[in-house]
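In this chain, numbering begins with 1 at the start of the sequence shown.
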Amino acid sequence: MMRFIGFFLALVVIHPVCDAFAAGITGRFTTAAYTFERSNPDTVSQGNFRVFQSARFRVMAWGRSELSLQTYARGSLDLINQSGNDPRYRLFHGYLRWQDSKDRFVLTGGRQLVMSGVGFGRINGIRVKVALFRRGQLDTYLGTLVDIGSAGVRSWGDGHMFGSRLSTTSIFDTQLSASFYRRSRRTDPFLSPVRLAAGLGTLEIQPGEVEQQMIGFNLQKGLGSRFSVYGRWDLSTPDGVRTRRAEGVLRYHSNGLTLSGEWFYREPYIDRNSVFSLFAQSSNQELSARGNYRFNRFLGWFGEFSRVTYEGADGYRLNLGINVLNGYVGYIRRRGFGGVSDGFTVNLRYRLHRELWTSGGLHYSRFKLFHGGVDRSRILSSTIGLDYRPSRHLTLSLQGQALSQNLNLSTAANPFPGLSRDFRFYFKASTWFFHRTHREGTK
């Protein structure tokens, strides 16, 4: 893994011979520390003090004006309780990007995050975005999957992903797109001998089965100057065609007032080659009405009411609050399937000086997980933070986090009620730089 990270960091330093060009290098280094105490029902409490170091680099006009390099790497280590995988290193992305000078295409190669229509994942591969005669764009990607538990590059057989998205805005002034993607990952095989012994059909998972395969459609259009409509339809295609997600939104906006009506249909997002796919699954639908209004930059209000329909049960959610200064005060109420809860939330941010500002948050909630319960559990959490920016290129942040709770969740089978109190501390120092050079190529 260190050789993999070192390769991309070396690209920042090594510049090829070329004609005259103006190059810019921007980067950000962030050092953070997080201290907390972990308590489990079968072990004694232990303190943890984990430190993080991350680095981001972007090199513009790297050899040519069309070529750039982007990297983001992070490492962490617990200074008190080191586990078997400490220290931990991870390269989130590191890729070369070629943007055509005439905006005809964009080509990227390396480790990158893909979010394109229904396609989602982190790959080691290539991605091409091609303009289609100024009427749309075709986005295509292909690569091996990046495993969370593995730092290196995987083989195609261990896991891969590919897909494409076609979008256009030239049909009745409407943004339309259609996308497809397929993701496969090697897993441990699974077979149910109990079902076989009972004479039932087999429930089996093979290592090479498809993890996800989906197609999706999106629509967005403005209706006059104040209305807009948005629609989305995602379909899962292995073993037939089944709706995974559907969404429709109608929104009105005028003079600081925004009103919307929203409808969602969802099915659980479970991989096809996961053992959980063998269990029965059910969908839910949600109807919501939302609104917010801004009186000025320091004062406004917001509200939401939602009804969620499950199989044979309903749930209701109410969220009301005001935006005040650089924060908000809100009330959240839940009833129906999933239990009962009432919560109050306050988050505020205030500038003490041009270089110094403070923030604070408070959340209090009383809840029970089902209607039949008598006593409610209580949770109170709070945060207080301080941010200091002595210069344009340096920011220091300090935050304390406290939790107090009284949970009525313990049972005879699981008597551990959780920690009654918890305090955590977080520190971050971030520095940013930008350097522009003008180089002359050698003969």
Side-chain angles (χ1 to χ4, degrees), residues 230-232 234 243-253 257-270 276 279-294 299-324 327-348 360-383 401-422:
Y230 171 79
R232 175 171 177 169
D234 296 349
T243 298
R244 172 64 61 79
R245 170 179 173 174
E247 178 181 352
V249 180
L250 177 63
R251 182 171 288 111
Y252 170 82
H253 179 77
L257 173 66
T258 301
L259 301 173
S260 65
E262 305 177 7
W263 170 78
F264 291 94
Y265 172 89
R266 302 184 184 93
E267 282 196 357
Y269 197 86
I270 299 177
F276 294 104
F279 293 87
Q281 304 170 23
S282 60
S283 62
N284 67 77
Q285 299 186 53
E286 179 175 328
L287 282 173
S288 301
R290 307 174 190 269
N292 63 76
Y293 181 73
R294 273 284 183 179
L299 183 63
W301 64 265
F302 61 88
E304 171 201 351
F305 178 77
S306 300
R307 175 186 176 182
V308 185
T309 302
Y310 306 90
E311 287 191 359
D314 291 334
Y316 300 90
R317 180 177 67 249
L318 177 66
N319 186 6
L320 299 173
I322 59 172
N323 301 104
V324 54
Y328 66 90
V329 179
Y331 165 70
I332 304 174
R333 179 182 179 90
R334 297 177 183 267
R335 293 293 186 272
F337 186 77
V340 174
S341 70
D342 293 277
F344 296 90
T345 300
V346 178
N347 278 282
L348 297 175
L362 182 70
H363 177 79
Y364 176 74
S365 178
R366 297 176 66 249
F367 69 93
K368 52 185 178 180
L369 300 181
F370 53 93
H371 278 293
V374 178
D375 297 328
R376 292 198 185 193
S377 298
R378 297 186 298 275
I379 293 179
L380 175 65
S381 63
S382 59
T383 61
Q401 306 168 355
L403 172 70
S404 175
Q405 59 186 7
N406 180 15
L407 304 180
N408 297 304
L409 306 177
S410 59
T411 63
N414 182 22
F416 181 62
L419 287 174
S420 59
R421 294 182 182 277
D422 186 17

Asks: State which residues pass side-chain contact (heavy atoms from CB on, under 4.5 Å) with Q281; sequence neighbours excluded, sorted by chain then number.
Replies: P268, I270, S277
Asks: Would you compute the distance between atom OG of S341 and atom CZ of R335 and round it to the nearest 0.5 angstrom?
Replies: 7.0 Å
Asks: State which residues pass side-chain hydrogen bond (donor to acceptor under 3.5 Å, both in side chains) with Y328; sequence neighbours excluded, sorted by chain then number.
Replies: N347
Asks: Drop me the distance from N406's CG to I379's CD1, to the nearest 0.5 angstrom.
Replies: 10.0 Å
Asks: Test of understanding: with side-chain contact (heavy atoms from CB on, under 4.5 Å), list the residues that count as partners of Q285, not counting sequence neighbours.
Replies: W263, Y265
Asks: Taking the side chain as everything from C-beta on, heavy atoms only, tell me whether F367 gets closer than 4.5 Å to L407.
Replies: yes
Asks: Identify the two heavy atoms, one from G303 and one from L320, that lie closest to each other, and give their separation to 0.1 Å.
Replies: CA-CD2, 3.9 Å
Asks: Could you state the interatomic distance from CG (L287) to CZ (F264), rounded to the nearest 0.5 Å?
Replies: 10.5 Å
Asks: Is any side-chain heavy atom of Q405 closer than 4.5 Å to one of D422?
Replies: no
Asks: Specify the closest pair of heavy atoms between L259 and G291, including all atoms of both residues, with the distance to one decimal.
Replies: CD2-CA, 3.9 Å
Asks: Run the side-chain hydrogen bond (donor to acceptor under 3.5 Å, both in side chains) test against R266 and tell me which residues pass, sequence neighbours left out.
Replies: E286
Asks: Any side-chain heavy atom of V308 sitting closer than 4.5 Å to one from F337?
Replies: no
Asks: Does A402 have any side-chain contact (heavy atoms from CB on, under 4.5 Å) partners at least two apart in sequence or in another chain, and if so, which?
Replies: S382, F423
Asks: Let me see the working for Y331 and D342 under side-chain contact (heavy atoms from CB on, under 4.5 Å), right down to the final yes or no.
Replies: CA-CA 8 Å; Y331 165 70; D342 293 277; 2.6 Å; yes
Asks: Decide if atom CZ of R334 counts as having more than 12 heavy atoms of other residues, nucleotides or ligands within a radius under 6.0 Å.
Replies: no
Asks: Any non-hydrogen side-chain atom of E267 less than 4.5 Å from a side-chain atom of T243?
Replies: no
Asks: With sequence neighbours excluded, what pairs up with Y364 under the ring-ring contact (aromatic ring centres under 6.0 Å, His included) test?
Replies: none
Asks: Using the ring-ring contact (aromatic ring centres under 6.0 Å, His included) criterion, which residues pair with Y230? Sequence neighbours excluded.
Replies: none
Asks: Going by the rule ring-ring contact (aromatic ring centres under 6.0 Å, His included), which residues pair with Y252 if we only count those two or more places apart in sequence or in a different chain?
Replies: F227
Asks: Taking only residues two or more places apart in sequence, or in another chain, which ones meet R307 in a side-chain hydrogen bond (donor to acceptor under 3.5 Å, both in side chains)?
Replies: D314
Asks: Sequence neighbours excluded, which residues qualify as salt bridge (charged side-chain N to carboxylate O under 4.0 Å, His left out) partners of R366?
Replies: none
Asks: Rounded to the nearest 0.5 Å, what's the gap from CZ on F305 to CZ on R317? Could you check?
Replies: 9.5 Å
Asks: Could you tell me the separation between the CZ atom of R333 and the CG atom of N319, rounded to the nearest 0.5 Å?
Replies: 13.0 Å
Asks: With rounding to the nearest 0.5 angstrom, report the NE2 to OG1 distance, H363 to T345.
Replies: 4.5 Å
Asks: Tell me the closest heavy-atom pair linking Y310 and N284, and the distance in Å.
Replies: CD2-CB, 3.7 Å
Asks: How would you list, by chain and number, every residue that makes a side-chain hydrogen bond (donor to acceptor under 3.5 Å, both in side chains) with R290, sequence neighbours excluded?
Replies: E262, E304
Asks: Does L299 have any side-chain contact (heavy atoms from CB on, under 4.5 Å) partners at least two apart in sequence or in another chain, and if so, which?
Replies: F295, N296
